[in-house]
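Below is one structure, written out as structure tokens; the observations come after it.
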There are 2 protein chains.
Amino acid sequence: MTGSTPSSWLMSSVFSEPLEPQAQRVLSDLRPQLIKARSVLFHPGVRPEGFLIVIDGRVGVYLVGKGGRELLLYSVSRGETCIQTTLGLLGQEPYSAEAVAETDLVAVMVPQAVFETLVATSGAFRGFVFRAFAARVADVMFVLEQVAFVKVESRLAHVLRERADPSGTVSATHQELAVAIGSAREVVTRQLRALASRGLVALERGAIEIVDPAELARLAEEIA
Amino acid sequence: MTGSTPSSWLMSSVFSEPLEPQAQRVLSDLRPQLIKARSVLFHPGVRPEGFLIVIDGRVGVYLVGKGGRELLLYSVSRGETCIQTTLGLLGQEPYSAEAVAETDLVAVMVPQAVFETLVATSGAFRGFVFRAFAARVADVMFVLEQVAFVKVESRLAHVLRERADPSGTVSATHQELAVAIGSAREVVTRQLRALASRGLVALERGAIEIVDPAELARLAEEIA
DNA sequence: ATCCGTCGGTGACATTGTCACCGGATCAGG
DNA sequence: CCTGATCCGGTGACAATGTCACCGACGGAT
């Protein structure tokens, strides 16, 4: 992913349509940065410095409540962007969201001035930005719908399916799953035991193995 | 608000910066429409036709769950815009949000092609669109934070303050308040009785009178 | 007046969140 | 290797909230 020529990241499939030449020129002046895992990219009260495009790695964006509780809003992976940064630039008050590098990152930070130039002059870049907005808002709305309307069991089944690796194993602590579904650690523990006693999953320290994917899928779709 | 000259709505304070002349020309070709109260502007499965700018009246945007439960995402008032329409145009699948005219409306529908032209050519229009995005996403994030982290009592106190008219009266049914805070009608009824028995509010059919604004404000800010 | 739909009220119960605590696993430093 | 320190998971008890099944009271329409 991390190429050798200056603007190789531009050539990767970050932009779905070809960029205009002048936009390419502007962007190829920007160098990808290396960011260590666990770095906090922004947090409440700190305005981000620009528009972040993730070339490689993964960023988690969390909503943090006053009581210290957290809720995962969405993850930003390769080729995607963190719209919170843009919103922070545009809007007035940054609300209480926090972005953390979940892995080591390769990312490009587009300064605000450059961002504004690109949005004004490049249709392809505009398209990229708008699509990113739409996708992120859809993510957040999905989380809202889950938290507001869906039972814990179903949310948990959903997130387990989402995070399972090809072999059917989910590497996550109960606490992490609780943050992903907007619940409490104890609740996740109990739900997992219930699922395990029904033979749907098997539990290990720091990991959950999916035993009955079909039934779990059914649970994830359950209404009410 | 509904002026007599063709483009009078453009002169109103919808745009915070002056529009470029060519953008004014494009927009003044669009005529405000009258929309009756209770009209559904869009709902799940129906793609909106354009970018809606509300000149007068109020639109409520709701998230609707499969079980029929509803949650108020935000209201769109004079000079604001419904970003869901834009997201629907840009994104792929419309999620399950529904927009309803809460009052009779005067609104301008900007067709997609015109919207794209304006975004490409007018910095003022772009600024308007981006600010609207930021404000709406902030609204939705606030709702999410409330639903995920805040107690019913506190949410209820907050929404009562928000909706009180200058005399301290809130005209809403328990059901409407329940939708506004993402809870159930029975829960709202019980919480209101509890507040009434503490002397913070007085209840009437279809309305709540705020008796102790200061204490209600304290509740609305409560953590945990 | 009577019918009908909306609004509010309530008990019983299921689900979820919170608090207080515990013991085992893991890991870093001595 | 030992030893805290910390993280992870487990659990009981209880509080808060959601759900279900009703009910009566009210207000508008015919």
Side-chain angles (χ1 to χ4, degrees), chain A residues 38 63-71 143-160 169-198 201-209 219 222-224, chain B residues 38 63 65-71 144-160 169-198 201-209 219 222-224:
Chain A
R38 307 192 151 273
L63 182 63
V64 297
K66 293 155 215 154
R69 274 185 66 182
E70 298 188 354
L71 173 59
V143 171
L144 181 51
E145 181 173 339
Q146 293 275 311
V147 171
F149 299 144
V150 180
K151 299 182 122 172
V152 167
E153 185 185 61
S154 183
R155 277 184 269 164
L156 185 55
H158 188 277
V159 80
L160 285 176
T169 303
V170 180
S171 297
T173 66
H174 296 185
Q175 176 62 44
E176 285 165 356
L177 294 175
V179 168
I181 68 172
S183 180
R185 201 240 337 141
E186 301 93 314
V187 174
V188 169
T189 298
R190 282 163 190 151
Q191 293 284 339
L192 282 175
R193 312 228 104 240
L195 293 180
S197 76
R198 287 201 269 159
V201 300
L203 307 181
E204 306 155 47
R205 187 182 180 83
I208 293 95
E209 173 124 19
L219 279 185
E222 213 161 64
I223 54 171
Chain B
R38 307 192 151 272
L63 183 63
K66 294 155 215 155
R69 273 185 67 182
E70 298 189 354
L71 173 58
L144 181 51
E145 181 173 339
Q146 294 276 311
V147 171
F149 299 143
V150 180
K151 299 181 123 174
V152 168
E153 185 185 63
S154 182
R155 278 184 269 161
L156 185 56
H158 188 278
V159 80
L160 285 176
T169 303
V170 180
S171 297
T173 66
H174 296 186
Q175 176 62 43
E176 284 166 356
L177 294 175
V179 168
I181 68 172
S183 180
R185 203 244 330 147
E186 302 91 314
V187 175
V188 169
T189 298
R190 280 163 190 150
Q191 293 285 340
L192 282 174
R193 310 228 105 240
L195 293 180
S197 77
R198 286 202 269 157
V201 300
L203 306 180
E204 307 154 47
R205 188 183 179 83
I208 293 95
E209 173 124 18
L219 280 185
E222 214 160 63
I223 54 172

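Worth saying up front: this structure is predicted, and the values here are computed from it rather than measured. In the text below, chain A, chain B and the rest are named by the order of the sequence lines, each starting its count at 1.
- In this structure, CG of B:Leu192 is placed 13 Å from P of D:dT17, rounded to the nearest angstrom.
- We find that A:Glu153 and A:Arg198 are joined by a salt bridge, their nearest charged nitrogen and carboxylate oxygen being less than 4.0 Å apart.
- To the nearest 0.5 Å, the span separating CG on B:Leu195 from CG on B:Leu203 amounts to 8.5 Å.
- Between A:Ser183 and the phosphate of C:dG17, there is a side-chain N or O to OP1/OP2 separation shorter than 4.0 Å.
- At whole-Å resolution of the value, CG in B:Leu71 and P in D:dT17 are 16 Å apart.
- Between the CD atom of B:Gln146 and the P atom of D:dA16 there is a distance of 18 Å, given to the nearest Å.
- Judged by distance alone, with hydrogens and angles left aside, A:Glu186 brings a side-chain donor or acceptor within reach of the base of C:dC19, the pair sitting under 3.5 Å.
- Distances shorter than 4.0 Å separate none of the side-chain N or O atoms of B:Gln191 from OP1 or OP2 on D:dA16.
- Using a 4.5 Å cut-off on side-chain heavy atoms (C-beta onward), A:Leu63 and A:Glu70 make no contact.
- A sub-4.0 Å separation between OP1 or OP2 of D:dG10 and a side-chain N or O of A:Arg193 is present.
- Note: CZ (B:Arg155) to P (C:dG17) measures 11 Å, nearest angstrom.
- Not a single donor-acceptor pair under 3.5 Å links the side chain of B:Ser154 to the backbone N or O of B:Lys151.
- Nucleotide D:dG9 holds its C1' atom 7 Å from the CZ atom of A:Arg205, rounded to whole Å.
- As rounded to whole Å, 14 Å separates atom C1' of C:dG9 from atom CD1 of B:Ile208.
- The side chain of B:Val187 has D:dG18 as its nearest neighbour among D:dG18, C:dT18, C:dT26.
- Counting only heavy atoms from C-beta on, A:Val152 has its side chain closest to C:dT16 among D:dC8, C:dT16, D:dT11.
- Atom P of nucleotide D:dG18 and atom CD of B:Glu153 are separated by 13 Å, given to the nearest angstrom.
- Side-chain nitrogen and oxygen atoms of B:Arg69 include at least one within less than 4.0 Å of the OP1 or OP2 phosphate oxygen of D:dT19.
- Residue-to-nucleotide contacts include no donor-acceptor pair under 3.5 Å from the side chain of B:Arg185 to the base of C:dT10.
- Set against D:dT17, C:dG17, C:dG9, the side chain of B:His174 has C:dG9 as its closest nucleotide.
- A straight line from CZ of A:Arg190 to C1' of C:dA14 spans 15 Å, rounded to a whole angstrom.
- For the pair B:Leu144/B:Phe149, no side-chain contact is recorded, criterion being any heavy-atom separation below 4.5 Å from C-beta on.
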